[in-house]
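A quick note: this is a predicted structure, and the numbers were derived from the prediction, not measured. All residue numbers in this chain count up from 1 along the given sequence.
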Amino acid sequence: MELAAIAERVFLMRGFSDTTMQMIASQAGGSKETLYRHFKSKEALFAEVVGRRAARISGPESALARDEVPEVALFDLGISLLRMMTMKDAASLFRIVVGEAPRSPKLGAIFYAQGPGATLERLTKYLRAAAGRGQLRCRDPLRAAKLFLGAVVAQHHLHSLIGQPHAAISETEMRKHVREAVSMFLACYRPERPRSDKPRRLG
């Protein structure tokens with residue numbers, strides 16, 4: 001198992017403050033010195049953990065990175081985000097950061113920059129490029145990106161953090177929710193198109 005995956009498991013089990021590099025090295029079956037050759041600090045290792053999660057949402061393999069048409073890129077981003085966010089361990093990781101941030105502001109900054117901030121930056125870049133191609137009418141890509149991500153997250157993030165309702169959101173409901181978020185976004189930001197053009201069906 002990769003070092004980052006082992007570290008993620010230990011962080012989730014023990015929290016950030018109570019996790020040591022020696023614990024992670026022991027779990028990996030190696031030495032602390034070897035671990036430090038790969039990651040200069042526990043914070044750097046945590047940044048790698050968060051960055052890997054963000055890459056699953058908007059990384060090099062995503063429709064966003066491939067510059068797919070907005071309907072496809074936004075749906076892919078939205079469903080990936082919602083799936084990741086509603087995983088039980090995602091809420092656990094968020095709780096770790098919220099609990100530690102008052103004592104370690106640097107940890108909160110790392111989490112935001114490598115996680116939500118990275119996704120926001122990638123979406124903003126995509127929207128700016130899509131507007132340049134004439135696919136969107138978007139004068140403020142950063143604001144538009146924040147609005148889209150907010151529409152996707154909606155109440156689901158709160159539900160995942162407090163465990164309410166108890167039943168997990170179904171895949172069908174997630175897809176319906178993201179389709180509506182994409183449709184609402186495009187109703188605001190899609191450029192005028194000839195009546196003969198038919199919008200592409202989502203997911």
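- In this structure, R143 places its CZ atom where only 12 or fewer heavy-atom neighbours from other residues, nucleotides or ligands lie under 6.0 Å away.
- The closest side-chain heavy-atom distance from F148 to L127 is not below 4.5 Å.
- A pairwise comparison of heavy atoms in V152 and G78 identifies CG1-O, 3.6 Å as the closest pair.
- Here the closest non-hydrogen pair linking C138 and P141 is SG-CA, 3.6 Å.
- Looking at heavy atoms from C-beta onward, M21 lies in side-chain contact with L45 at the 4.5 angstrom threshold.
- Minimum heavy-atom separation, L35 to A25: CD2-N, 4.0 Å.
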List the steps, then state whether side chain to side chain contact (heavy atoms under 4.5 Å, CB included) holds for E121 with T124.
CA-CA 5 Å; E121 183 178 345; T124 301; 5.7 Å; no
Go through V50 and V97 one step at a time and tell me if the side chain to side chain contact (heavy atoms under 4.5 Å, CB included) criterion holds.
CA-CA 11 Å; V50 177; V97 175; 5.9 Å; no
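- Here R133 pairs with D67 under the salt bridge (charged side-chain N to carboxylate O under 4.0 Å, His left out) rule; sequence neighbours left out.
- Put simply, the side chain of E180 does not reach to within 4.5 Å of the side chain of H177, judged on heavy atoms.
- We find the CD-OH distance between Q22 and Y36 to be 9.5 Å, quoted to the nearest 0.5 Å.
- Using a 4.5 Å cut-off on side-chain heavy atoms (C-beta onward), I24 and F39 make no contact.
- When every heavy atom of A73 is checked against every heavy atom of A63, the shortest pair comes out as CA-CB, 3.9 Å.
- Contact check for L120 versus Y112: side-chain heavy atoms found under the 4.5 Å cut-off.
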Could you check L136 against L186 for side chain to side chain contact (heavy atoms under 4.5 Å, CB included), going step by step and ending with a plain yes or no?
CA-CA 8 Å; L136 294 172; L186 292 178; 3.7 Å; yes
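- Distance CD1/I96 to CZ/F16: 10.0 Å, rounded to 0.5 Å.
- Every residue two or more places apart in sequence or in another chain that forms a side-chain contact (heavy atoms from CB on, under 4.5 Å) with S62 is listed here: L64, A65, D76.
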Could you go through the side chain to side chain contact (heavy atoms under 4.5 Å, CB included) check for L77 and L149 one step at a time?
CA-CA 9 Å; L77 172 65; L149 294 174; 4.2 Å; yes
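- Here the CE atom belonging to M87 is positioned 12.5 Å from the CG atom belonging to L82, to the nearest 0.5 angstrom.
- A continuous path of Ile, Leu, Val, Met, Phe, Trp and Tyr side chains, each step under 4.5 Å between heavy atoms, connects V98 with F111, placing both in one hydrophobic cluster.
- Checked against side chain to side chain donor-acceptor pair (under 3.5 Å), R122 has the following partners two or more places apart in sequence or in another chain: S58.
- Once rounded to the nearest 0.5 Å, the distance linking CZ of R137 with SG of C188 reads 7.5 Å.
- Under the salt bridge (charged side-chain N to carboxylate O under 4.0 Å, His left out) criterion, the residue pairs touching residues 98-107 are E100-R103, with sequence neighbours excluded.
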When you look at E8 and R52, which way does the salt bridge (charged side-chain N to carboxylate O under 4.0 Å, His left out) test go after all the steps?
CA-CA 10 Å; E8 180 176 8; R52 282 160 54 99; 5.2 Å; no
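- For R56, the CZ atom is densely surrounded, since the number of other residues' heavy atoms within 6.0 Å is greater than 12.
- Sorted pairs that involve residues 24-41 and meet salt bridge (charged side-chain N to carboxylate O under 4.0 Å, His left out), not counting sequence neighbours, are lacking altogether.
- A 4.5 Å side-chain heavy-atom check between R190 and E71 finds at least one atom pair inside the cut-off.
- For the atom pair Q27 CD and L3 CG, the distance stands at 12.0 Å (nearest 0.5 Å).
- Separation of atoms CD (Q114) and OG1 (T119) is listed at 10.5 Å; rounding is to 0.5 Å.
- Using modelled atom types, one side-chain atom of Y126 and one backbone atom of E68 make a donor-acceptor pair closer than 3.5 Å.
- In this structure, R66 contributes its side chain and E61 its backbone to a donor-acceptor pair below 3.5 Å.
- Within 6.0 Å of CD in E43 there are more than 12 heavy atoms belonging to other residues, nucleotides or ligands.
- Across L12 and L93, no two heavy atoms sit closer than the pair CD2-N, 3.7 Å.
- In this structure, the salt bridge (charged side-chain N to carboxylate O under 4.0 Å, His left out) partners of R83, at least two apart in sequence or on a different chain, are E171.
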